[in-house]
Amino acid sequence: INCRYAVTSSGCMIVVSNRLPFVLQRDEDGKFVRKASAGGLVTAVAPVAINGNGYWVGWPGVHLEDPDEPIPESDPWDITPTAGLKSDKVVPVHIDPVKFDDYYNGCCNATLWPLFHSMPDRALFRRDKWKSYVDVNKDFADRTLETLRRVDNSDQDIRNDVPLVWIHDYHLMIVANWIREAATEEGIRCKIGFFLHIPFPSWDIFRLFPWADEILQGMLACDMIGFHIADYCLNFIDCCQRCLGCRIDRKNLLVEHVGRTVRVRALPIGIPYDRFVHLAEKAPKVLSTNQKIILGVDRLDYTKGLVHRLLSFESLLENFPEHREKVSLLQIAVPSRTDVKEYQDLKEEIDQLVGRINGKFSTPNWAPIRYIYGCVTQDELAAFYREAAVGLVTPLRDGMNLVAKEFVACQLNVPPGVLIVSPFAGSGETMHEAIICNPYETEGASECIHRALTMPEDERILRMNYLRRREKLNDVNYWTKSFLQAMGSLATQNGVDDIE
Ligand code: GDG
């Protein structure tokens with residue numbers, strides 16, 4: 001395992017996320033086996049946790065009839081980053097299936113997801129779902145506390161630093177509440193950090209949530225709270241002041257709450273940059289076409305702006321007919337939340353729109369849109385990123401958006417292609433050399449695509465060089481390191497390295 005950074009003391013990082021870094025599946029003999037998850041987050045966090053002899057608390061991806069059924073060890077041939085996570089370090093959270101559905105679909109996906117993406121009209125507010133959210137967060141807190149007690153009782157004498165609990169994302173925003181409470185009462189030593197992977201909305205949106213105060217109080221039970229960009233930090237701090245009346249320090253990003261000072265930090269997530277470069281170097285050619293490819297890669301979600309994107313592409317073909325038969329839009333839409341009506345309707349709308357635009361402009365030798373509804377392998381993805389002339393990343397709202405970063409990492413050709421990003425994604429805030437494109441204005445967006453398709457080579461090279469350099473420096477390892485540093489939990493040769 002390639003682990004560049006370590007936590008300060010052995011056995012002291014406890015990662016808490018909705019899902020474990022793998023899911024359990026039955027093999028043909030009915031035995032549970034681990035199916036690894038290859039996301040960037042797992043790749044970055046798992047080595048640090050494993051190296052530090054840490055624990056991972058999460059839902060195992062299945063509802064077990066017997067919650068005491070042991071977690072299997074990883075396959076001996078497993079080379080994924082979680083392979084080293086021994087089963088005694090895995091802390092599964094078992095939840096009643098109905099309650100889990102209310103928490104996950106009812107509250108997380110139907111309420112918090114749209115609200116935090118500033119789409120309140122799509123959000124459902126139901127107190128029974130919120131109650132399940134609270135209950136499940138308490139279950140996660142209980143399992144984390146059991147783990148903390150175990151850590152606290154072992155190797156006490158060789159540890160001179162406190163365990164670090166790292167909680168992830170909007171599913172678990174109030175877990176810290178009970179950890180702080182019990183830790184204070186029982187004298188368990190720990191530091192609690194939280195990272196939100198989606199945007200934090202402004203006060204006028206956030207206040208629509210009937211239990212807004214409880215979320216803020218839950219988050220403020222942490223020592224440090226990380227967001228992707230400064231805007232989300234400022235929104236959060238503003239909400240703390242306006243909802244709870246906290247004293248705040250906007251300049252230093254501090255919030256005072258019940259006698260404690262909570263740090264807030266902008267920590268933009270990165271990608272495993274070198275891995276994507278490597279994939280792009282070795283992946284075989286995937287596209288045989290003379291047309292320039294404009295590439296979109298998204299989960300099929302209303303926040304990703306797929307309908308707006310298709311309309312902009314239609315407008316491009318309408319207003320700049322010189323691109324007809326010269327370019328194609330390749331859109332990969334990964335199925336997501338397929339059992340939810342809203343997502344089924346969105347798929348239907350996209351299917352129809354693709355059909356209409358293709359029907360309108362296709363010629364015997366050319367179809368303007370190639371649409372893949374499904375998942376491709378990471379090798380294929382890297383090859384698509386490499387061979388595309390334009391990366392079109394135009395969400396209506398997005399915490400960060402890793403696709404924009406993966407695209408630039410894989411752009412190995414000279415001269416390279418062009419990245420277009422929405423200003424409403426975290427990556428639009430940080431990837432300054434991309435063309436910034438407002439997806440809501442169809443005509444303006446089509447002009448952005450035209451500009452990308454006609455951009456001079458030297459400008460493309462200059463922009464892409466800067467973009468690639470930044471993503472290489474600020475990769476996902478750098479993000480993990482920055483988080484540990486902001487927590488004051490980064491081990492260096494000189495001891496603990498604190499950001500302040
Ligand atoms: C949340 C926040 C934030 C996509 N299609 C395929 C495929 N992918 C991979 C991409 C990328 C990932 O999925 C998507 O990442 P995003 O960042 O775009 O979006 P979310 O899933 O919504 O993630 C987001 C992120 O957390 C991290 O903090 O950036 O804002 O919403 O890595 O490569 N992978 C494969 N085949 C596909 O077809 N193999």
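Hydrogens, waters and symmetry mates are skipped; everything else that's a heavy atom, side chains included, is used. As the structure lists them, so they are numbered: ligands from 1, and atoms in each ligand from 1.
Listed by number with element, the atoms of ligand 1 under 4.0 Å from a non-hydrogen atom of His197 are 2 (C), 3 (C), 24 (C), 26 (O), 27 (C), 28 (O), 30 (O). Those atoms of ligand 1 with a heavy atom of His228 less than 4.0 angstrom away are 28 (O). Here is the list of ligand 1 atoms found below 4.0 Å of a heavy atom in Val297: 4 (C), 5 (N). Contact atoms of ligand 1 toward Ile269: 28 (O) (distance under 4.0 Å to a heavy atom of the residue). Every atom of ligand 1 with a heavy atom of Trp113 under 4.0 Å away is listed here by number and element: 31 (O). Each of the following atoms of ligand 1 lies closer than 4.0 Å to a heavy atom of Gln378: 39 (N). Within the listing of ligand 1, atoms 30 (O) sit less than 4.0 angstrom from a heavy atom of Gly399. For ligand 1 and Cys375, the ligand atoms under 4.0 Å from any heavy atom of the residue are 36 (N), 37 (C), 38 (O).
The backbone N or O of Tyr371 sits nowhere less than 3.5 Å from a side-chain atom of Gln331 that would complete a donor-acceptor pair. One N or O on the side chain of Glu387 and one on the backbone of Leu287 form a donor-acceptor pair closer than 3.5 Å. No donor-acceptor pair closer than 3.5 Å links the side chain of Trp56 to the backbone N or O of Val16.
Contacts between Tyr170 and ligand 1, counted as non-hydrogen atom pairs separated by less than 4.0 Å, are absent for every part of the residue. Contacts between Leu381 and ligand 1 below 4.0 angstrom, taking non-hydrogen atoms only, involve the side chain exclusively. Contact annotation for Val376 and ligand 1: heavy atoms of both the backbone and the side chain come within less than 4.0 Å of the ligand.
The N/O atoms of His117, backbone and side chain alike, include none that comes under 3.5 Å of an N/O atom in ligand 1. Remark: ligand 1 and Phe195 share no N or O pair separated by less than 3.5 Å (distance only, no angle test).
With distances taken over non-hydrogen atoms, the option nearest atom 19 (O) of ligand 1 out of Arg299, Lys304, Met400 is Lys304.
Between Tyr302 and Tyr343, the ring centre distance stays below 6.0 Å. Aromatic pair Phe116/Phe200: ring centres closer than 6.0 Å. Aromatic ring centres of Tyr466 and His432 lie farther apart than the 6.0 Å criterion allows. Ring pair Phe209/Trp130: centre-to-centre distance below 6.0 Å. Under the 6.0 Å cut-off for aromatic ring centres, Trp59 and Tyr103 do not qualify, their centroids lying 6.0 Å or more apart.
What you find for His197 and Asp169 is that their closest heavy atoms are N-OD1, 2.9 Å.
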